[in-house]
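Below you'll find the structure, written out as structure tokens, and then a few comments.
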Amino acid sequence: MNVAADRLSAALWRRLRRCYSVLLMLAIWEGAARGGLVNSFLLPAASDVLANLWRMVTEGQLLYHTFQSLMRASAGLGLALVLGIPLGLIRARSRLANSILDPILAFWFPVPKVGLIPIALLFFG
Amino acid sequence: MKASAVQRHQRGACIAGIASLILFIGSWQIVTATGLVPDDVLPRFSDVAVTWWQLLISGELVRQTASSLSRQAAGFAAALVCGVSLGIVMARHRMVDDLVGPLTTVILPIPKAALIPLVMLWFGIGDAAKTIIVFLGTILPILVSTYHGAASVDHVYIWSARSMGDDERTLLWRVVFHAALPEIMSGIRMGLIISLIVLVGVEMLAGQGGLGWLVFFALDSGAYRVTYAAMLTIAVIGFAYDRLFLMLSRRVLHWAEQNP
């Protein structure tokens with residue numbers, strides 16, 4: 001009765017349990033696409049998609065676009081942190097600031113920010 | 001009768017809100033009327049207000065709003081039902097969690113803007129595609145909150161209910177659902193807000209009517225006043241939904257220790 005081996009296989013089981021459904025989905029995807037169940041125009045085979053992904057990575061275009069997106073996202077996040085954290089702290093410490101900021105934020109929070117894209121385009125080109 | 005502290009606070013918040021609104025509108029009007037910001041970039045608030053009124057009485061605004069809200073309502077309702085039930089089942093049954101959990105962790109967090117082309121490829125540009133995208137976007141916060149709420153139910157509650165003879169179904173309703181309700185309501189609130197955001201986004205990209213489509217159509221046509229009028233409508237709807245939901249939430253959860 002090897003306790004260490006038991007513990008090891010229990011850990012392996014747990015790992016397997018966590019990821020089997022994703023692997024199953026990939027298998028079904030591949031099977032459905034190759035087996036002709038789904039139109040191959042609408043859903044290319046998983047292996048094809050992955051091969052294409054690898055090609056795009058090694059050719060460099062994917063990294064370039066990913067970098068662009070990450071830069072913009074980080075810049076936005078950075079700006080939001082710089083403004084948001086101090087404002088949050090001020091709100092917590094000052095009753096007056098809270099009552100001023102609260103209605104503004106309450107109105108701002110549910111606004112779909114995608115709706116602001118036109119304004120941003122108009123203002124910043 | 002002297003108002004209680006809570007009532008005074010609420011009245012103060014209301015006044016502060018109205019004051020901020022007046023300040024916002026006032027500064028908008030001043031900045032544009034004095035020519036600080038050119039008229040083609042930011043129309044005057046008075047012009048936007050007039051255009052908004054014209055849109056309203058011509059019926060256009062009502063038509064587009066009804067279009068948008070019906071899609072949002074369908075997607076949100078479906079996400080609510082599926083999200084809450086799936087979340088509770090996942091929290092209570094490990095096998096379901098193992099099967100569905102990893103898939104939701106991989107697929108659902110994908111920004112819906114990225115899924116739009118794929119969904120449109122499969123389902124076209126009609127209402128079905130938009131409702132599906134709203135559904136996918138909304139279900140994530142609801143599912144996550146429900147799962148977390150249901151999984152964090154104090155075991156003592158469950159044990160005592162079981163010891164009093166509750167079977168699994170009664171247990172689910174009386175104990176798990178109610179104990180998790182504060183967190184579920186908080187997740188639903190996020191879902192509501194996200195449903196509007198995703199809706200407007202997909203309407204902007206896919207067209208075919210709705211407030212989001214109107215914003216971009218007016219932008220392309222150079223009718224900037226219509227753009228701003230539509231955007232203000234979207235903002236007001238989002239704000240109203242949120243406030244109404246918070247009021248509903250307070251009533252439903254009046255017995256809970258903390259409010260969302």
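Chain identifiers are assigned alphabetically (A, B, ...) following the order of the sequence lines, protein sequences preceding nucleic acid strands; residue numbering begins at 1 within each chain. Basis for what follows: all heavy atoms, side chains included, without hydrogens, waters or symmetry-related copies.
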Which region of [X], side chain (C-beta onward) or backbone (N, CA, C, O), has a non-hydrogen atom less than 4.5 Å from a non-hydrogen atom of chain A, or is it both or neither?
X         : answer
Leu21(B)  : neither
Tyr224(B) : side chain
Asp242(B) : side chain

Shortest non-hydrogen contact from Leu103(B) toward Ser21(A):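 Heavy atoms only, the tightest pair is CD2-O, 3.9 Å.
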So which of Gly101(B), Pro102(B), Ala19(B) has the biggest tally of heavy-atom pairs under 4.5 Å with chain A?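 Option with the greatest count: Pro102(B).
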Does Phe24(B) have more than 12 heavy atoms from other residues, nucleotides or ligands lying within 6.0 Å of its CZ?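 Open.
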Please say whether more than 12 non-hydrogen atoms of neighbouring residues, nucleotides or ligands are located less than 6.0 Å from CZ in Phe217(B).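 Not buried by this count: 12 neighbours or fewer within 6.0 Å.
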Any non-hydrogen side-chain atom of Val106(B) less than 4.5 Å from a side-chain atom of Met25(A)?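 No. Closest side-chain heavy atoms not under 4.5 Å.
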